[in-house]
Protein chains: 4
Amino acid sequence: MQPRAARSARTFTEVTRRAQIVQCAADAMAETGYARASMAEIARRAGIAKSVISYHFEDKNELMQELISTAVRAFSEFMEPLLAAETSADGKIRAYLTGCAEYMIRYRNLHLAVLEIAFNALGPEGQPLVASMPFEAHTPTLEQILRQGQKSGELRRFDIAVMAGLLRSATTHTMVLALRADSDLDLAAYAVELATTFHLATTAHVAAGE
Amino acid sequence: MQPRAARSARTFTEVTRRAQIVQCAADAMAETGYARASMAEIARRAGIAKSVISYHFEDKNELMQELISTAVRAFSEFMEPLLAAETSADGKIRAYLTGCAEYMIRYRNLHLAVLEIAFNALGPEGQPLVASMPFEAHTPTLEQILRQGQKSGELRRFDIAVMAGLLRSATTHTMVLALRADSDLDLAAYAVELATTFHLATTAHVAAGE
Amino acid sequence: MQPRAARSARTFTEVTRRAQIVQCAADAMAETGYARASMAEIARRAGIAKSVISYHFEDKNELMQELISTAVRAFSEFMEPLLAAETSADGKIRAYLTGCAEYMIRYRNLHLAVLEIAFNALGPEGQPLVASMPFEAHTPTLEQILRQGQKSGELRRFDIAVMAGLLRSATTHTMVLALRADSDLDLAAYAVELATTFHLATTAHVAAGE
Amino acid sequence: MQPRAARSARTFTEVTRRAQIVQCAADAMAETGYARASMAEIARRAGIAKSVISYHFEDKNELMQELISTAVRAFSEFMEPLLAAETSADGKIRAYLTGCAEYMIRYRNLHLAVLEIAFNALGPEGQPLVASMPFEAHTPTLEQILRQGQKSGELRRFDIAVMAGLLRSATTHTMVLALRADSDLDLAAYAVELATTFHLATTAHVAAGE
DNA sequence: AATGAATGAGATTTCATTCAT
DNA sequence: AATGAATGAAATCTCATTCAT
């Protein structure tokens with residue numbers, strides 16, 4: 001039995017199964033929470049035996065990692081064109097906020113699952129399993145946007161780490177809570193309101209008026 | 001069966017033990033995460049037998065509830081005088097932000113534990129165990145502050161729910177992530193920066209300058 | 001601390017407490033079944049601390065034994081005059097059957113508790129805790145009655161052990177099931193019907209008619 | 001969650017294992033009593049891990065229910081041809097009594113286990129787990145036999161419920177006590193003696209002789 | 001004589017994982 | 001590539017019992 005990692009490429013079946021399992025895992029976590037998203041529950045949703053998961057993934061951690069990677073990839077592919085389409089820092093921030101809302105609507109369960117994992121899963125030595133979450137994967141980009149905006153004079157002076165953190169918390173936290181509660185909060189409208197707030201808080205002429 | 005309170009008042013020993021157990025539970029959760037904070041681990045930290053916990057608490061849920069109550073109480077007692085000392089809406093917002101930072105520094109583990117519970121713990125029927133978290137206990141107050149600020153003309157027009165959510169996410173989420181990562185981020189300085197940002201985003205003359 | 005057994009006589013308080021605990025134990029077992037009649041439950045019903053039971057009884061087994069003894073004593077004191085008042089074997093059998101019914105009505109919980117113990121409780125080595133149950137305490141008497149009835153020609157020839165067993169099962173089992181189910185079966189009427197049946201099954205002229 | 005039967009049919013292995021576990025459970029209960037027949041003890045006897053039982057049975061209740069079902073089925077299959085072979089009421093009663101004795105000899109532990117469960121096991125809400133026991137499954141039949149015997153004039157007038165109860169107690173109770181005590185009482189001979197007694201107590205010409 | 005506090009053994013159940021087929 | 005079967009560790013909770021006061 002050749003170890004999994006040794007084989008060079010994955011077959012079509014394997015790729016498909018892995019994707020299916022990841023999706024079922026995401027659904028299970030989003031709907032029942034991390035604690036109840038056992039291997040058995042995930043397998044049940046996928047209509048396969050538990051051991052099929054073990055066959056395709058080294059262990060539960062690898063499944064979680066794959067789920068995270070999938071989400072990070074999805075977020076990047078989703079967000080990059082949106083950011084690229086904007087030229088001003090102000091526009092990019094607005095694109096980031098509204099883009100996050102749309103991403104969360106489209107990939108609801110996947111993103112909720114990431115949160116569940118981030119808050120719950122621990123590696124074998126107890127360290128958190130997730131270092132970088134989807135949104136945080138773009139932290140450099142976000143900080144870069146703010147930095148360039150300040151350089152060009154478009155944005156006022158502020159602590160970039162703080163403002164970037166605030167932007168991310170506005171999405172990761174507030175929006176996600178809304179998602180979780182299955183609330184009827186209109187995420188899109190919410191994002192627009194947020195955009196205005198950040199426009200006021202960051203643009204230079206505002207600071208000038210101070 | 002019979003509610004604890006119905007039988008009699010708590011003895012000194014009991015009060016002390018319960019507090020100790022709650023503290024050890026908070027430490028365990030903050031340090032190892034909810035999943036690893038088993039009764040055995042909590043007992044180990046307290047240097048007592050597992051069954052001592054069962055003796056003092058009906059079950060794990062009651063322990064969690066007591067932990068939450070402790071945190072909510074601590075937060076309220078901590079925050080109320082700070083808010084009362086300010087008269088302007090702007091001042092109250094600043095007090096809220098800096099107060100949260102100080103609270104989190106002082107009650108670090110307790111607060112992290114509340115987050116763990118809020119995100120993880122499920123009741124017997126699978127419903128989330130925690131409805132209101134410490135900060136959310138003050139949501140009405142927060143929204144009240146914003147509303148009054150708008151009425152007096154001190155604050156510009158904005159969606160109160162969005163801004164209150166943003167304020168809370170700025171504390172609950174961003175600060176907490178910092179706490180969790182055991183980062184050397186200076187929470188106090190962070191709060192000051194946040195205060196400026198929110199000052200700009202909310203005060204009326206800013207909106208006028210738009 | 002002098003071992004319990006060493007002290008010669010029991011104080012008034014002790015006798016009273018023991019009786020109270022036995023009664024509460026009987027109630028608990030009759031109402032909730034053996035498995036739920038824990039020391040804690042018994043103490044709760046008595047309004048005392050668990051350790052009070054330990055103070056008055058060596059261990060749970062001793063409490064059970066005392067309960068059994070109490071029931072056996074009660075049954076004997078109840079039944080003896082009834083049997084003594086009859087002279088014929090036939091009369092004694094009728095007295096036994098109706099007497100059992102009355103005893104069970106009067107000492108309902110105590111007797112049900114004995115059954116619970118008989119069926120459930122095991123000694124430290126796994127042997128049944130109860131060798132002789134109240135009714136069985138009178139087996140010799142019962143067999144003696146039958147034997148004398150046969151000797152005097154009043155009763156037909158039959159296997160004495162079988163008939164005695166049948167008499168006891170008619171009471172211990174059938175009546176008790178009725179008690180347990182809290183049925184509205186009229187135990188007294190039941191006993192009368194049983195008496196007729198046994199009259200027919202045992203008296204000599206019946207056998208003659210065969 | 002999903003009922004076992006809904007998923008698919010049982011494999012050969014599963015059927016075999018379940019039967020083995022049921023048998024070991026019966027042995028454990030018959031030999032050590034309900035309280036000591038823990039999952040661990042049952043697994044030990046079967047030479048398997050505790051969790052194998054959990055794998056094949058939802059929980060302990062399901063195992064108990066399966067054991068009961070097995071016994072009820074065995075009793076029915078055993079008794080039905082015996083009763084069908086007799087035409088007279090008197091013959092059917094004799095067949096019932098001797099049949100019970102043979103059944104208990106053949107299925108000793110299984111039947112003792114049923115008794116243990118009936119007397120001890122409580123469902124999650126404290127209600128008794130077993131409503132109908134093997135013998136009681138045939139109560140209607142028994143009462144029907146007596147009723148027809150009275151109608152045809154073969155049997156004397158008596159209270160049918162009382163007599164049926166007596167017949168059942170004669171088997172369930174008396175015989176079982178004998179079984180339990182591991183006595184050397186010859187059950188078969190016992191049954192013959194019982195049959196005579198009931199013949200005398202029930203047949204019409206006896207009543208006529210009165 | 002009584003109590004509150006503490007203990008350790010043991011019960012049921014869940015779960016990720018492994019193995020033979 | 002997939003499955004059913006089995007495992008052992010660990011989690012929560014209950015209980016009879018003991019001990020210091």
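Here is the naming used below: chain letters follow the sequence lines, and residue numbers restart at 1 for every chain.
Protein atom CZ of R10(D) is 15 Å distant from nucleotide atom C1' of dA5(F), rounded to whole Å. If you measure from atom OH of Y34(D) to atom P of dA11(E), you get 12 Å, rounded to the nearest angstrom. At whole-Å resolution of the value, CZ in F12(B) and C1' in dA5(E) are 14 Å apart. A straight line from CZ of F57(A) to C1' of dA1(F) spans 15 Å, rounded to a whole angstrom. Between the CD1 atom of I53(C) and the P atom of dG4(E) there is a distance of 13 Å, rounded to whole Å. In this entry the distance linking CD1 of I42(B) with P of dA10(F) reads 17 Å, nearest Å. The separation between Q20(C) atom CD and dA1(E) atom C1' is 13 Å, rounded to whole Å. Look at CZ on R44(B): it is 12 Å from P on dA11(F), rounded to the nearest Å.
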Might you work through the side-chain contact (heavy atoms from CB on, under 4.5 Å) test for I48(B) and I21(B), ending with a clear yes or no?
CA-CA 9 Å; I48(B) 56 180; I21(B) 292 170; 4.1 Å; yes
Could you walk me through whether T32(A) and R45(A) pass the side-chain contact (heavy atoms from CB on, under 4.5 Å) test, one step at a time?
CA-CA 12 Å; T32(A) 70; R45(A) 283 167 182 261; 3.7 Å; yes
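When E66(B), E14(B), R10(B), E62(B) are each tested for a side-chain contact (heavy atoms from CB on, under 4.5 Å) with H56(B), only one passes: E14(B).
When distances run from any side-chain atom of A49(D) to the nucleotides dG8(F), dT3(F), dA5(E), the shortest one goes to dG8(F). Taking the side chain of Y55(C) as heavy atoms from C-beta on, and the options dA5(F), dA1(E), dG4(E), the nearest nucleotide is dA1(E).
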Using a 4.0 Å heavy-atom cut-off, write out nucleotides 15-21 of chain E from 5' to 3' as B (base contacted by protein), S (sugar-phosphate only) or - (no contact).
BSBBB--
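At dG4(E), none of the side-chain N or O atoms of R17(B) fall inside 4.0 Å of OP1 or OP2 (strictly under the cut-off). Under 4.0 angstrom from either OP1 or OP2 of dA2(E) there lies at least one side-chain N or O belonging to H56(C).
A search for ring-ring contact (aromatic ring centres under 6.0 Å, His included) contacts involving F119(B) returns F119(A), not counting sequence neighbours.
For the 3.5 Å distance criterion, the side chains of N61(D) and Q65(D) fail to qualify, holding no donor opposite an acceptor.
Distance check: E31(C) CD to N109(C) CG gives 5.5 Å after rounding to the nearest 0.5 Å. Rounding to the nearest 0.5 angstrom, the gap separating the CE atom in M39(A) from the OG atom in S54(A) is 5.0 Å. Distance check, rounded to the nearest 0.5 Å: OG of S38(C) to CZ of R44(C) gives 9.0 Å.
Although no hydrogens or angles enter the test, the distance criterion places no donor-acceptor pair under 3.5 Å between the side chain of E41(B) and the main chain of R36(B).
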Quick one: the dot-bracket string of DNA chain E, using Watson-Crick and G-U wobble pairs with both distances under 3.5 Å, [ ] for crossing pairs and | for bases paired to another strand.
.||||||||||||||||||||
